[in-house]
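Below is one structure, written out as structure tokens; the observations come after it.
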Amino acid sequence: MDEKKTTPLLDELEAGEWPSFVTQLKQAAKKSKMAAGLVQQLEASYEEKIGHWKHGGIVGVKGYGGGVVGRYSDDPERFPDCREFHTLRVNQVAGFFYSTKKLRELADVWDKYGTGLYNLHGSTGDIILLGTDTQNVQPCFDALSEIGFDLGGSGGALRTPSCCVGMARCEKACIDSMDINHNLTLHYQNEMHRPAWPYKFKIKISACPNDCAASTARSDLAIVGLWRDTIEIDQDAVREYVANGFKLEENVLRRCPTWALDWDAENKELKVKAEDCTHCMHCINAMPKAIRIGKERGAAIMIGGKAPVVKGANIGWVLVPFMKMEAPYTELKEIIDRVTDYWAEHGKNRERVGELIDRVGYATFLKAIGLEPVPQMVTAPRANPYIFWSAEEVEKRG
Amino acid sequence: MDEKKTTPLLDELEAGEWPSFVTQLKQAAKKSKMAAGLVQQLEASYEEKIGHWKHGGIVGVKGYGGGVVGRYSDDPERFPDCREFHTLRVNQVAGFFYSTKKLRELADVWDKYGTGLYNLHGSTGDIILLGTDTQNVQPCFDALSEIGFDLGGSGGALRTPSCCVGMARCEKACIDSMDINHNLTLHYQNEMHRPAWPYKFKIKISACPNDCAASTARSDLAIVGLWRDTIEIDQDAVREYVANGFKLEENVLRRCPTWALDWDAENKELKVKAEDCTHCMHCINAMPKAIRIGKERGAAIMIGGKAPVVKGANIGWVLVPFMKMEAPYTELKEIIDRVTDYWAEHGKNRERVGELIDRVGYATFLKAIGLEPVPQMVTAPRANPYIFWSAEEVEKRG
Amino acid sequence: MARTDFGPPDYREMLPPIVAENYGKWLYHEIPQPGVIKHVSETGAVLYSVRMASPRLVNSDWVREICDIAEKYCGGYLRFTTRHNVEFLVSDPSQLQPLLDELKARGHMIGGAGHAISNVVHTQGWVHCKSAVTDASGLVKSVMDELHPYFSGKIKIPARLRIAVACCVNMCGACHCSDIAIVGIHRTVPRINDELVAKTCEIPTTVASCPTGAIRPNPKLKSIEINAEKCMMCGNCTVVCPALKIMDPENDGVSIWVGGKVSNARTAPMFSRLAVPFIKNNPPRWPEVTDTVKHLVEVWAKDAKYGERMGEWIERIGWERFFKLTGLPFTEKHIDSFTHATQTFRSTTQFRF
Amino acid sequence: MARTDFGPPDYREMLPPIVAENYGKWLYHEIPQPGVIKHVSETGAVLYSVRMASPRLVNSDWVREICDIAEKYCGGYLRFTTRHNVEFLVSDPSQLQPLLDELKARGHMIGGAGHAISNVVHTQGWVHCKSAVTDASGLVKSVMDELHPYFSGKIKIPARLRIAVACCVNMCGACHCSDIAIVGIHRTVPRINDELVAKTCEIPTTVASCPTGAIRPNPKLKSIEINAEKCMMCGNCTVVCPALKIMDPENDGVSIWVGGKVSNARTAPMFSRLAVPFIKNNPPRWPEVTDTVKHLVEVWAKDAKYGERMGEWIERIGWERFFKLTGLPFTEKHIDSFTHATQTFRSTTQFRF
Ligand code: SRM
Ligand code: SRM
Ligand code: SRM
Ligand code: SRM
Ligand code: SF4
Ligand code: SF4
Ligand code: SF4
Ligand code: SF4
Ligand code: SF4
Ligand code: SF4
Ligand code: SF4
Ligand code: SF4
């Protein structure tokens, strides 16, 4: 097996300017046999153009039903060092902020119980600890809990919510995304750790419609900050932009999707037709020194976002156009509970909430969770005449 | 039954400024017992809020399988005079032009064999002769054929094509819609008169994208005139519009869907970015004296338009983005034949061609009728990863 | 045996000389007054077309009357439009005013050209169709008695407005793509005559005819049963099996749809979309329907920009504002529940409050 | 027994003081140089965030290295972005240049802010996922070795451009809504190990797992059979029944998608759409993929207006012109064939030649 220890293909990925994951792997391989095993198996995948992992078995920690993804080599004889290579999904800190102290504690634990390899972060937002064996899973979790890190979700459960940086470092934040994220993560620990749902459920929070957390596209329930009054315009600052040669007409007025803005050249005043603004962020993004979000702030709740498997991808749909967002977020939690309760009861196995809504109809879903239909929910009303009427709505027939 | 002879409800529809169909009916009723019967039955429908026709039986003329819609009262005891009330669908003249001579001949025949009531015209475009009994159908058709009027289609057959006025009276005509209409009507007499298809098939022709024949929405195969070079601009005429206070910027430039037009205020010249123009007709419609259609003319073929029954309505899809249209329209007929042959073979009972395409997939359909895919056929490529691959396209596996 | 397959009269023999001579040579047009369209040819010829409203359901006397007129002023030719109006084609300008005068004297209505409401594309209704849920001609007459000033040009509007009426969801005509559409609908599940089903209907065909799979066999009765929860009252099964009855005078009625268009002018063709799910049949004059339609026309006419069709106006202001401005309630019926429903759900935070 | 359900560390304890003090008070920002974002607070405080590329798949030494740096220049705090970059938060302006110098000296790459290509959202690939058709990390490395000048700001572009890579159609990450997405796909029907199916799989579940109904039971073998004509190679059945194998090194490969976006800025979020149906897996550097991606970036960068994302650019010029400008062939694969396919067919004559 010794000639196998060279990795000519992977080595090529150490060249080039972009930081190399191969370098990271090889460094880890020096300290961890398991990581070294991974490098060998990966080289084989590069040669053979095929993966070498098989369907995972169930691996876990006491008290939890998820948070660990079991992984086994499909050729343990050939790759004995990575025959087991499980990952732990660990709740990230809201907004991905860390003290170096915490990160160092984490590194020490992970070097002890695993490969010392991570994804920082996983696509859902977790800290992914990449590669340990079955016997180390529980001790690793115990050590993690010592330093205050808990597991995320897997299976038919809530995933760790994630969010944009929001108020911590952004002038556009309409809501406190990080606080909502932290609050929900704590509130829903049980739903995250003990899978009891038809499939996964994700929550993401962006503090404005720029959606830097990709919430609408990538979570079943997205919370997107916005305002319901008018944008705030600092006319002096606008004039300064204009004086500096900023292309107001071309880059802002024409790009406003609803033509809500008008430049009164005479009075040098930028006017907004408040009722036309759809808070698309554009003018604010383009002129951050002159235009700001409004004062009456809250969030829209979007439902059903997901990737393509298996009925096709969805970008989340408006469920609630506007909701105030004040701790402890009671109204929000009520909506989440009603949504997940209904889904838990009516969803089929491996059916995301968006697919359930597609199947039963949005009207039925709204009724079940007690929300009134509003036109913001649709881009247009139905074009087909196939309206359902219930027996209660019509005159009894003789 | 005598008190029934009053029609208080219908009478109310003789008042008002809009021409009254009730007046037409009552006039006819004076001459035709059958028409009088219809008035009585209709009054009953107005009273009872329900129709009084039942499922039709088959009524026809020798040699044809369609063209007559059989109609029977559901209460012949009560409405004996209109117990049978069939309609004949008669090919209209292309473009709905008539000499008064022809119309008078028609009126004479119809007064003789029927109620003297018509729809001028039916929604599909036929002359609808409204109301005769079974025994008069054949003599009526014989008399019609004497004066040169043939029947249209019904059942699983082609319907009489219809078209806009086109070159006969319109400066925007890119193709000779009336000639195409007439030519196809003659060419496809067999397909119209002897139902052999899964369902109805409609052809409509508009000589430009204004689509005054509503072809894309209302026919399975629509022929819509357009040009592939550039619009023609008469700069002097543009200047005259501008000089007369025409709001060029607001009403034309901003409304061009692709911003293809620019007004060079200095040189007083209207410029078009040819490659951006999507021949939306707007500038031409707005300034008919200054802007004209291009010189390289032909038509787009749109496929699958239909009403909602039962899979939902379609607005026809681009099948051929551009085809020259010169008599005898051989290329067009080849396409029509290939489409209807494929549909005749693969369509289910009561499945319109658009529904068939939906079911088998556009790619499959294109292949079957021998057309290459082009991007004009779609507004956007697929967003889902569920691509089909055939065994021939891939490497054989060992 | 009679001749067959000879087709319609040749259009070339039906054209007034001015049309035959200038065929394909027209240069531009103007609308000098409501209902009159002036076309100018590159030959210099000038043609006036006078558009007259027709009830579409006409009798032979009416046909002969328009023939009389066309012989007097138009050399014995006339045409109909794709929306069933009559057009008198005047090649001699001196005949224009006399024609208009005579039409007026005879009580005919001139209009429908340019930015106007033209004739209503409609269907058979109780006059002739077995499927009719309402009467199309009666609705048209009632609505146009209200709206004729928009036809005749007495009231100006920002753009064309096309109205269509269909007596059932088959929508024979243009309802699926009209600025305003009035469509007859059912609201109750078909009633089953079990004995008759057993006698007259093919059970498998009937089961297969239901697009939502609401029908299943009832082997005991040799009949079928309908799952009311799944039935969307489309009536399709009643076409296949006459032992199923869906007509229900108490509960049938009409729905109103808005914002459709057919032309490719400026914007792509658009479907009409639900504005009012249900109004009871109220013949002979359907006052609730005519009021609603008139209201829709007025709100649009007031707020739309020059040249902006109903659907384009709504696209600009958003459906949120449409419901606000019209005061019509938005209900769960408005939310699509058919095959492509999800494609109409809003997946952006861009909306108005 | 260990503690459970205590959740993550409290973010409030992880914030650098300047962030804690100015929480919710930020006024505006600027991007003074590539990869450096300057935020100004209403308190007058100024914060410089320095964004550094990360390979995302990192080891503990790397973690300790960034900790060292953060301790030296940022008071012992740092953060990651939602696209997995590292951000050093500098509250003392005098520390900015030294930090930049040190990062440069250590070979780290600064960039990704504003109108730039930022880090690639990607997935596990052969490194860790059983479903991987390709290697995500290797693709990212190969692509970004080509495109890093767009990250570091050496080459300017009109707007943000977001790239994502997924190793299978599950698309863990952002592929369905990215400016450019690279997605691993299968092209062959799953192979059936009949004996193993009989032993290990639930037949009804397996049959039900197929979204196109391509699977039916094969009672003779107590196995299943797949109708190749109906199979769209989604792999869903292989998740449910491990006796079905879809991996095929000869025929698996990647597809390229364009024009998606997530933000609601200007335009609504958009799905990515098919640009290139298939490119063979060619590790370790996938040159055909990197060439295509680079070409796409270049064509867009040249033609797009200021601030115009890939999808917005395509919307403006039309897909017809996209295929023309990029020279990519349009094939039948590009025409949607899934559930809502008809909604993507063009029902207007508005198109470009
Ligand atoms: C006579 C007729 C054709 C025929 O063969 O019979 C016709 C004739 C003309 N149409 Fe039309 N259109 C006719 C039905 C239509 C239809 C079909 C329909 O209504 O069912 C449409 C599609 C309507 C829709 O989109 O729903 C139609 C959409 C147009 C348009 C585009 C309108 C728009 O802005 O969307 C134009 C262009 C314009 O007027 O600027 C147009 C323009 C014209 C012009 C100006 C063309 C010309 O240069 O001669 C003609 C004078 C019309 C007028 O009324 O102002 N015509 N036109 C039809 C008259 C029907 C009627 O009695 O009212
Ligand atoms: C007479 C007419 C309405 C009118 O008042 O003008 C008509 C009348 C009927 N149509 Fe229609 N359709 C008529 C034009 C249309 C149109 C408009 C068009 O052709 O432009 C449409 C919409 C376009 C389309 O074809 O999709 C239309 C879509 C339907 C449908 C729904 C088809 C669908 O696929 O969605 C049906 C239902 C069916 O075929 O079972 C239908 C069925 C019917 C039947 C045959 C229903 C029946 O089985 O009794 C009606 C016979 C009524 C009668 O008593 O004469 N009719 N029908 C029109 C034919 C006159 C003519 O030949 O000129
Ligand atoms: C740091 C980060 C948030 C976080 O919590 O980590 C962030 C931070 C900012 N974003 Fe973002 N965005 C971040 C991910 C995103 C994402 C999500 C993604 O890419 O996966 C999006 C959606 C992208 C999409 O549409 O596909 C996103 C769409 C925006 C937009 C809208 C862009 C557009 O025109 O479509 C803006 C507005 C702007 O820049 O004008 C914005 C603006 C900003 C501003 C300027 C907000 C502010 O005033 O502070 C921040 C500086 C950013 C910069 O890079 O120029 N941010 N931003 C994320 C940095 C990721 C990275 O490492 O590159
Ligand atoms: C680790 C991670 C990718 C990464 O490299 O970061 C990942 C990895 C897997 N995903 Fe994922 N998904 C990950 C984020 C996502 C995302 C992105 C997100 O959450 O923002 C998506 C798209 C959004 C969504 O949820 O729709 C995503 C959509 C999927 C799907 C498709 C779900 C769908 O409804 O379309 C599957 C398939 C499934 O669940 O059977 C899937 C399944 C899987 C499985 C569990 C496949 C399996 O059964 O082995 C992968 C385990 C790989 C492994 O070996 O660890 N993963 N997955 C991400 C989780 C890390 C974390 O916890 O932070
Ligand atoms: S989503 Fe909005 S509030 Fe959050 S970081 Fe992005 S721009 Fe700032
Ligand atoms: S936020 Fe968007 S919609 Fe509102 S005024 Fe600014 S550019 Fe227009
Ligand atoms: S479709 Fe075009 S060519 Fe035909 S009548 Fe209308 S405007 Fe003229
Ligand atoms: S025809 Fe339409 S797309 Fe072409 S230039 Fe004129 S307005 Fe623009
Ligand atoms: S719309 Fe319905 S009821 Fe009216 S004519 Fe057509 S098929 Fe008959
Ligand atoms: S009315 Fe329509 S939905 Fe109801 S049972 Fe009949 S076919 Fe099915
Ligand atoms: S995209 Fe597919 S292969 Fe890649 S990590 Fe996700 S599930 Fe695994
Ligand atoms: S790969 Fe997908 S489409 Fe093919 S048989 Fe399996 S589940 Fe069905």
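Naming convention: chains lettered A, B, ... in sequence-line order (proteins, then strands); numbering from 1 in each chain.
Neither the backbone nor the side chain of D:R83 comes within contact range of chain A, judged by heavy atoms closer than 4.5 Å. Residue D:S152: no heavy atom, backbone or side chain, is found under 4.5 Å from chain A. D:H84 touches chain A through backbone and side chain together, each having a heavy atom under 4.5 Å away. Heavy atoms closer than 4.5 Å to chain D are found in both the backbone and the side chain of A:T87. Contacts between A:K247 and chain D at a heavy-atom distance below 4.5 Å are absent for every atom of the residue. There is no contact between D:I18 and chain A, counting heavy-atom distances below 4.5 Å. At a 4.5 Å heavy-atom cutoff, the contact between D:H122 and chain A is made by backbone atoms alone. Heavy atoms of D:E312 lying under 4.5 Å from chain A are absent altogether. The part of D:E30 that comes within reach of chain A is its side chain, from C-beta onward, which places non-hydrogen atoms under 4.5 angstrom from that chain. D:L47 touches chain A through its side chain: at least one heavy atom from C-beta onward sits under 4.5 Å away, while N, CA, C and O do not. Contact annotation for A:T185: only side-chain heavy atoms (C-beta onward) come within less than 4.5 Å of a heavy atom of chain D. Only the side chain of D:F151 comes within contact range of chain A, with heavy atoms under 4.5 Å apart. For chain A, the nearby parts of D:M144 are the backbone and the side chain; heavy atoms of each come within less than 4.5 Å.
Your options are D:T267, D:L27, D:N281, and the one with the most heavy-atom pairs under 4.5 Å with chain A is D:L27. When A:K306, A:H182, A:K311, A:E146 are compared by the number of non-hydrogen pairs under 4.5 Å with chain D, A:H182 comes out ahead. For the set A:N210, A:N349, A:I284, the entry with the most heavy-atom pairs within less than 4.5 Å of chain D is A:N210. The residue among A:M178, A:Q92, A:Q27 with the most heavy atom pairs within less than 4.5 Å of chain D is A:M178. Interface remark: of the candidates A:R292, A:H282, A:K31, A:K49, A:K49 forms the most heavy-atom pairs closer than 4.5 Å to chain D. When each of A:G312, A:A28, A:P308 is scored by its heavy-atom pairs under 4.5 Å with chain D, the top score falls to A:P308. Between chain D and the residues A:A168, A:A107, A:A313, the largest count of heavy-atom pairs under 4.5 Å involves A:A168. For the set D:D252, D:V86, D:N282, D:D68, the entry with the most heavy-atom pairs within less than 4.5 Å of chain A is D:D68.
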**OP:** Let me see the working for D:E13 and A:K102 under salt bridge (Lys or Arg N to Asp or Glu O under 4.0 Å), right down to the final yes or no.
**Re:** CA-CA 10 Å; D:E13 289 160 25; A:K102 259 298 151 238; over 6 Å; no
**OP:** Could you walk me through whether A:L120 and D:S54 pass side-chain contact (heavy atoms from CB on, under 4.5 Å), step by step?
**Re:** CA-CA 9 Å; A:L120 283 171; D:S54 154; 5.8 Å; no
Original post:
Going through the distances and angles, do A:L106 and D:V63 end up as a side-chain contact (heavy atoms from CB on, under 4.5 Å)?
Top reply: CA-CA 9 Å; A:L106 183 67; D:V63 170; over 6 Å; no
**OP:** In sequence, state the C-alpha distance, the side-chain angles, and the governing distance for D:V40 and A:K289, and then conclude on side-chain contact (heavy atoms from CB on, under 4.5 Å).
**Re:** CA-CA 10 Å; D:V40 179; A:K289 289 186 185 170; over 6 Å; no
Subject >> Trace of the side-chain contact (heavy atoms from CB on, under 4.5 Å) decision for D:N236 with A:R350 >> reply: CA-CA 11 Å; D:N236 206 44; A:R350 298 193 76 220; 3.2 Å; yes
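In this structure, D:R79 satisfies the cation-pi test against A:F97, with its NZ or CZ atom closer than 6.0 Å to the six-membered ring centre and inside 45 degrees of the ring normal.
The backbone N or O of A:L117 sits nowhere less than 3.5 Å from a side-chain atom of D:N59 that would complete a donor-acceptor pair. Between the side chain of D:K141 and the main chain of A:A15, a donor-acceptor pair closer than 3.5 Å is present. Proximity of a side-chain donor or acceptor of D:T82 to a complementary backbone N or O of A:C212 within less than 3.5 Å is detected. Checked by atom type and distance alone, the side chain of A:D150 pairs as donor or acceptor with a backbone atom of D:D5 at under 3.5 Å. Between the side chain of D:H148 and the main chain of A:W18, no donor-acceptor pair closer than 3.5 Å is present. The main-chain N or O of A:P288 is never found under 3.5 Å from a side-chain atom of D:H29 such that the two would form a donor-acceptor pair. A side-chain donor-acceptor contact under 3.5 Å links D:R3 to the backbone of A:S145.
Side chains of D:D135 and A:Y46: a donor on one and an acceptor on the other come within 3.5 Å.
Using cut-offs of 30° and 60° on the angle between ring planes, the pair A:W53 and D:H128 is tilted.
Of all heavy-atom pairs spanning A:D211 and D:S263, the tightest one is CB-CA, 4.5 Å. Closest of all the heavy-atom pairs between D:Y306 and A:N251 is CD2-ND2, 3.6 Å. The two residues A:A217 and D:H176 have their closest heavy-atom pair at O-NE2, 2.9 Å. Counting all heavy atoms, side chain and backbone alike, D:V58 lies closest to A:Q24 at CA-OE1, 3.3 Å. Of all heavy-atom pairs spanning D:P284 and A:L13, the tightest one is O-CD2, 3.3 Å. Contact record, D:P9 with A:G148: CD-O, 3.2 Å, taken as the closest heavy-atom pair.
The existence of a salt bridge linking A:K30 and D:D61 is excluded, since no basic side-chain nitrogen approaches an acidic carboxylate oxygen closer than 4.0 Å. A salt bridge between D:K305 and A:E250 is absent, with no side-chain N of the basic residue lying under 4.0 Å from a carboxylate O of the acidic one. Of the charged side-chain nitrogens involved, at least one lies within less than 4.0 Å of a carboxylate oxygen, so that A:D108 and D:R64 count as a salt-bridged pair. Look at D:E71 and A:R104 and you find a salt bridge, because one of the NZ, NE, NH1 or NH2 atoms lies within 4.0 Å of a carboxylate O, short of that distance.
When the shell of 6.0 Å around NZ of A:K101 is examined, it contains 12 or fewer heavy atoms from other residues, nucleotides or ligands.
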